[in-house]
Amino acid sequence: MPDRFAPVRDCFHDLLAIGRETGAGLTIWYDGHPVVDLGADGRGAWRPDTLVNVYSVGKPVAALCLLLLVDRGRLDLDDPVATHWPGFRTPATVRQVLSHTAGLPAFPVARPAEAVADWELLCADLAAADPEWEPGSVAGEHAWTYGHLVGELVRRVDGRSVGRFLAEEIADPWRLDLGFGLGAADQRRCADLSYGDPTWPVRMLGEPGSLRARALGNPPGGLDLAVVNSPLWRGAKVPAVNLHATASALARLYAGLAAGGTLDGVRLFSPELVAEATRVQYDGPDLMLDRRACWTLGMQREPDGSWGMGGIGGSSAWADPERGYVFAYATAHLADHDRVDELVEVLHSCL
């Protein structure tokens, strides 16, 4: 690690020492090269290949699977979804699905927790649903549904599941240790999630009956440790929220995108596709987040020009082209994002 980034390392270890963090990986690239690569859990059990459920940090990863097919000319961003998914009732386009404006932020039929493993059932529910708003008119983060909408389009166009497509077309060529729907061997590498505050899942769900509660609570269990630490969850494909990844893999992914779609000499995406994918598609109120949001095709863009995604619980990954860095944080300690804010403040002081 270059000496100039030692304060970031010290801040990371301080978070562990005082209990604000109990297990995480942190990887930072600067000027096209990795400069920070840390991982610890206070017990000595954290390994470089420890996988973490990073929640919504996986949304851009799912989006990139579909965008790779767009880049190859297999479909167009402004195609109606129904062109590729017959029977899909909502008059939304591929672009609107990718930018969280399709109007389907919640699964419409109440299902039990086990339904997370039933891809066909949940996709059929979405296909038959009426949108909650006119597609394209407003945004609302498609918290649990995003990955099924995007992933089913991948399957309909390509024939492979989104998990298999990710593994074969993106993760393998760019050597990324991440995936949807883990096998038994990879499940043994997963860090168990824990709550930073026992009230955290209740706070995250919001008011009973609200759009947020309906979106995050059906199927139930996505914020329940007994579910998310189980083989059922880790083996299921819920691409909006159950990507399991290392911080190093997430940083490599964003480094490739920041370089215009090429990593270690392997081009996956055209520079034109990366530019369109990171361009603001919607800037306005978000009905799920209850604040203004700037959505690209799968990511959020900040006023400073950085783009990426944070996950509920504290994991985050993004590229900051203006400052020349990529940041990835994968935490097993579910709490607010103040740890990331503190690390980034220290990082900025080092640049």
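Keep in mind it's a predicted model, so treat the numbers as computed, not measured.
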Engineer: Determine the minimum heavy-atom distance between Asp177 and Ala249, stating which atoms define it.
Structural biologist: N-CB, 3.3 Å
Engineer: I need the minimum non-hydrogen distance between Val326 and Ala258, along with the two atoms involved.
Structural biologist: CG2-CB, 4.5 Å
Engineer: Answer yes or no: is there a side-chain heavy-atom contact under 4.5 Å between Leu69 and Asp158?
Structural biologist: yes
Engineer: Between Arg188 and Cys190 (side chain of the first, backbone of the second, donor and acceptor by atom type, cut-off under 3.5 Å), is there such a pair?
Structural biologist: no
Engineer: Is the shortest side-chain heavy-atom distance between Arg111 and Asp125 below 4.5 Å?
Structural biologist: yes
Engineer: Heavy atoms only: give me the nearest Ala319-Pro321 pair and the separation to one decimal.
Structural biologist: O-CD, 3.4 Å
Engineer: Starting at OG1 of Thr83, measure out to CZ of Arg156 and round the result to the nearest 0.5 Å.
Structural biologist: 12.5 Å
Engineer: Which residues satisfy the salt bridge (Lys or Arg N to Asp or Glu O under 4.0 Å) test with Arg292, sequence neighbours excluded?
Structural biologist: Asp283
Engineer: State, with a plain yes or no, whether a side-chain heavy atom of Ile312 is found less than 4.5 Å away from one of Trp200.
Structural biologist: yes
Engineer: Could you check if a side-chain atom of Leu104 sits within less than 4.5 angstrom of a side-chain atom of Phe88, using non-hydrogen atoms only?
Structural biologist: yes
Engineer: Could you check if a side-chain atom of Leu243 sits within less than 4.5 angstrom of a side-chain atom of Leu178, using non-hydrogen atoms only?
Structural biologist: yes
Engineer: Please check if any side-chain donor atom of His84 sits under 3.5 Å from a side-chain acceptor atom of Asp79, or the reverse.
Structural biologist: yes
Engineer: Are Glu342 and Arg339 ion-paired here, with the side-chain N under 4.0 Å from a carboxylate O?
Structural biologist: no
Engineer: Are Tyr55 and Met204 connected in the hydrophobic side-chain network, where two residues link if heavy atoms are under 4.5 Å apart?
Structural biologist: yes
Engineer: Within the structure provided, determine whether Thr27 and Leu250 are in side-chain contact (heavy-atom separation under 4.5 Å).
Structural biologist: no
Engineer: Counting only N and O atoms by type, is there a donor-acceptor contact under 3.5 Å from the side chain of Arg89 to the main-chain atoms of Ala128?
Structural biologist: yes
Engineer: With distance as the sole test, does Asn218 use its side chain to make a donor-acceptor pair with the main-chain N or O of Phe107 at under 3.5 Å?
Structural biologist: yes
Engineer: Test your reading of the model: is there a side-chain donor-acceptor pair from Trp133 to the backbone of Val138, 3.5 Å cut-off?
Structural biologist: yes
Engineer: State, yes or no, whether a side-chain contact exists between His148 and Val238 at a heavy-atom distance under 4.5 Å.
Structural biologist: yes
Engineer: More than 12 heavy atoms of other residues, nucleotides or ligands under 6.0 Å from CZ of Arg279: yes or no?
Structural biologist: yes
Engineer: Between the side chain of His244 and the main-chain N/O of Gly179, is any donor-acceptor distance below 3.5 Å?
Structural biologist: no
Engineer: How many angstroms lie between CZ in Arg72 and CD in Glu169, if you round to the nearest 0.5 Å?
Structural biologist: 4.5 Å
Engineer: Is the backbone of Val266 close enough, under 3.5 Å, to the side chain of Trp174 for a donor and an acceptor to pair up by distance?
Structural biologist: yes
Engineer: Rounded to the nearest 0.5 Å, how far does CE of Met299 lie from NE2 of His100?
Structural biologist: 10.5 Å
Engineer: Taking atom CG of Asp10 as the centre, report whether more than 12 heavy atoms of other residues, nucleotides or ligands fall under 6.0 Å from it.
Structural biologist: yes
Engineer: If you take all heavy atoms of Ser315 and His337, which pair is closest and at what distance?
Structural biologist: O-CE1, 3.6 Å
Engineer: Donor-acceptor pair, Arg164 side chain versus Gly159 backbone, under 3.5 Å?
Structural biologist: no
Engineer: Tell me if a side-chain donor or acceptor on Arg4 pairs with a main-chain N or O of Cys350 at a distance below 3.5 Å.
Structural biologist: yes
Engineer: Are Asp192 and Arg234 ion-paired here, with the side-chain N under 4.0 Å from a carboxylate O?
Structural biologist: yes
Engineer: Apart from Val346 itself, what residues make up its hydrophobic cluster, given side-chain heavy atom links below 4.5 Å?
Structural biologist: Met1, Phe5, Val8, Phe12, Leu15, Leu16, Leu26, Ile28, Tyr30, Val35, Val36, Leu38, Trp318, Tyr325, Phe327, Tyr329, Val340, Leu343, Val344, Leu347, Leu351
Engineer: Would you find a donor on one side and an acceptor on the other, under 3.5 Å apart, between the side chain of Lys59 and the backbone of Gly310?
Structural biologist: no
Engineer: Apply the test side-chain hydrogen bond (donor to acceptor under 3.5 Å, both in side chains) to residues Gln281 and Gln96: give CA-CA distance (whole Å), side-chain angles for both, the deciding distance (0.1 Å), then the verdict.
Structural biologist: CA-CA 9 Å; Gln281 308 284 327; Gln96 289 163 348; over 6 Å; no
Engineer: Heavy-atom count check: over 12 atoms from other residues, nucleotides or ligands less than 6.0 Å from Asp304 CG?
Structural biologist: yes
Engineer: Which atom names give the shortest non-hydrogen contact between Ala63 and Gly298, and what distance separates them?
Structural biologist: CB-CA, 4.0 Å
Engineer: Determine whether the side chains of Glu141 and Trp295 contain a donor N or O and an acceptor N or O closer than 3.5 Å.
Structural biologist: no
Engineer: Contact between Pro219 and Leu122 at the side-chain level, heavy atoms closer than 4.5 Å - yes or no?
Structural biologist: yes
Engineer: Between Asn53 and Val228 (side chain of the first, backbone of the second, donor and acceptor by atom type, cut-off under 3.5 Å), is there such a pair?
Structural biologist: no
Engineer: For a side chain to side chain donor-acceptor pair (under 3.5 Å) with Arg95, tell me which candidate from Thr101, Asp76, Asp78 qualifies.
Structural biologist: Asp78
Engineer: Measure across Val157 and Arg74 and return the closest heavy-atom pair with its distance rounded to 0.1 Å.
Structural biologist: O-NH2, 2.7 Å
